[in-house]
Amino acid sequence: MRIPGLPNARGHGRLLGAFGIDALGGGLFLPFSVLFFTMTTSLGLQQVGLALSIAAIARLPATGGAGMLTDRIGPKNAVIISNLVQAIGFAGYLFVDSFTQMLLAAVVVQVGNSLFWVAYPALVHEVADKAGQERWFALINALRNAGLAVGALGASLAVALGGTIGYQLIVAVNAASFVVAAILTRLDPIPSRRRDHRQQPGAAGAAGWVAVLRDRPFLGFVGVNLGFALLSLSFVIAVPVFLVDVAHLPGWTPGTLLALNAVLGALGAAPVVAAITGRRRDHVLFSSQLIIGAGYGCVLLAGLASPGLSLTLALLAAVLVTTTELIQGPAVSAIVNESAGDQDRGRYISVYQMTFSIVDIIAPVALTTALTHGPFATWLPLIVIAALDAVVILLLSRHLSALTSRIGHGTPADPVTRPIEADGL
């Protein structure tokens, strides 16, 4: 019997295992990504931060290249390569003893990571039937949240028991997890029925970068995703600082909220998708912006209320933000997939993924600056962004047919909304 909200994944256990192991390895490393280098090398904190920041900038061109590679070799092969590239990068971390070596290894990791996040949604499109994309994305997101949580717990235990050796063990296991994920993905019987092999390798037909850049409705949706990404990242960057420094809540509050976010992300994926199945995507995304706007309204009030009420409001905000992420993740990924054609899906996804890189660059500075100007300067702009996102979603639905499909029904994008005159590059 199929669980409501989950896909029929029969025959694809290896692929799901690959995603789970990938997330488990990530959960091991992420909590100690900076501490690893300061504890196992002679590099200072500023050097480590500089190397990681420069490597993060490399994601922008790498994401564009990932789109072209995915269109050329197919998403399954691209995911396998992404896993192997990340395995090489993390293995390189074990031998870092200079700034240059760290920078090179970090760039390799970022290149592999960029390729994965472009190829993975396209791979889901290969595996899922037309009605199952949202359910697949929800299941994989749940696996990733669970893997990240378990990995973080395991990493804490390894460091507590093993000291420096524990840090090295974390990175070694993370590198190995990518190799295992690559093998499992290779062994999964993923069909490639949606690729048109009559065209020459790498040909994009009526696609290519020109088609993507002429697709104004899709670019409008990409612009909306900048707002989605900023609102999501604000919960990780700004909320913890605000609750401790301004709302004067206990120091354990941020960790509790992030743990609640991870647990709800793992357990809530299936019921949330089951609840929104059959509803129009534009209406669901419109509602999600009202929900996250209310969540940041709760954060704002937490800075003005008494300590007891502030904690309640903070917990409510965590639930609302997580609910928004559970709604948005599957729906947005399916919309991007259906906005593209089979020969240019990688390029479409790469343009969409660039929004996260852009937000990762600007959000820390913007949010920390806003925090210095008080609660209203921090949270009212985010509430306004959520409202604007909601309005633009409804306007775009008139031109982007993937927005008007019903979740779980998965109809193809209306070709009238997509450019057909552009020559491929």
Side-chain angles (χ1 to χ4, degrees), residues 141-142 145 148-149 224-269 271-273 275-276 279 283-332 359 362-364 366-394:
N141 288 342
N145 276 295
L148 288 170
V224 169
N225 194 67
L226 285 169
F228 289 172
L230 178 60
L231 291 169
S232 181
L233 193 58
S234 297
F235 183 75
V236 178
I237 294 178
V239 169
V241 177
F242 178 80
L243 292 178
V244 173
D245 291 350
V246 178
H248 304 297
L249 291 178
W252 49 261
T253 304
T256 301
L257 295 185
L258 294 177
L260 178 62
N261 178 256
V263 171
L264 291 178
L267 300 180
V272 167
V273 169
I276 63 178
R279 301 180 184 276
H283 295 171
V284 166
L285 291 179
F286 177 88
S287 300
S288 75
Q289 296 312 287
L290 300 184
I291 293 171
I292 199 168
Y296 285 124
C298 289
V299 176
L300 173 60
L301 293 175
L304 306 174
S306 62
L309 181 57
S310 292
L311 181 59
T312 302
L313 289 168
L315 292 172
L316 178 58
V319 172
L320 293 173
V321 171
T322 305
T323 300
T324 298
E325 292 172 345
L326 291 173
I327 293 172
Q328 281 179 188
V332 170
V359 169
I362 65 175
L367 291 171
T368 52
T369 301
L371 283 167
T372 63
H373 291 82
F376 289 98
T378 304
W379 306 113
L380 281 183
L382 295 179
I383 294 171
V384 171
I385 289 173
L388 290 175
D389 283 345
V391 173
V392 175
I393 283 293
L394 294 184

Minimum-distance pair of heavy atoms, taken over all atoms of [X] and [Y]:
X	Y	result
Pro330	Glu325	CD-O, 4.3 Å
Val359	Leu226	CG2-O, 3.7 Å
Leu249	Ala314	CD1-CB, 4.3 Å
Leu243	Ala302	CD2-CB, 4.2 Å
Ala305	Ser310	O-OG, 3.2 Å
Ser288	Ile327	CB-CG2, 4.0 Å

Check: [Y] main-chain N/O paired with [X] side-chain donor or acceptor under 3.5 Å:
X	Y	value
Thr378	Ala370	yes
His373	Leu371	no
Tyr296	Phe235	yes
Ser232	Ala229	no
Thr322	Val319	no

Walk me through it: do Leu367 and Phe242 pass the test side-chain contact (heavy atoms from CB on, under 4.5 Å)? CA-CA 10 Å; Leu367 291 171; Phe242 178 80; over 6 Å; no
Min side-chain heavy-atom separation Asp389-Leu231 under 4.5 Å: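 Side chain of Asp389 against side chain of Leu231, heavy atoms only: contact under 4.5 Å found.
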So, do Trp379 and Val239 sit near enough that their side-chain heavy atoms are less than 4.5 Å apart?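 A side-chain contact under 4.5 Å exists here.
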Could you state the interatomic distance from [atom1] ([X]) to [atom2] ([Y]), rounded to the nearest 0.5 Å?
X	Y	atom1	atom2	answer
Trp252	Leu257	CH2	CG	8.5 Å
Leu313	Leu300	CG	CG	10.0 Å
Thr368	Ile237	OG1	CD1	8.5 Å
Ile291	Thr323	CD1	OG1	6.5 Å
Leu260	Leu264	CG	CG	4.0 Å
Thr324	Leu285	OG1	CG	10.5 Å

Show your working on side-chain contact (heavy atoms from CB on, under 4.5 Å) between Cys298 and Leu320 and close with a plain yes or no. CA-CA 9 Å; Cys298 289; Leu320 293 173; 4.2 Å; yes
Report the C-alpha separation of Val299 and Val321 in whole Å, then their side-chain angles, then the decisive distance to 0.1 Å, and conclude whether the side-chain contact (heavy atoms from CB on, under 4.5 Å) test is met. CA-CA 11 Å; Val299 176; Val321 171; over 6 Å; no
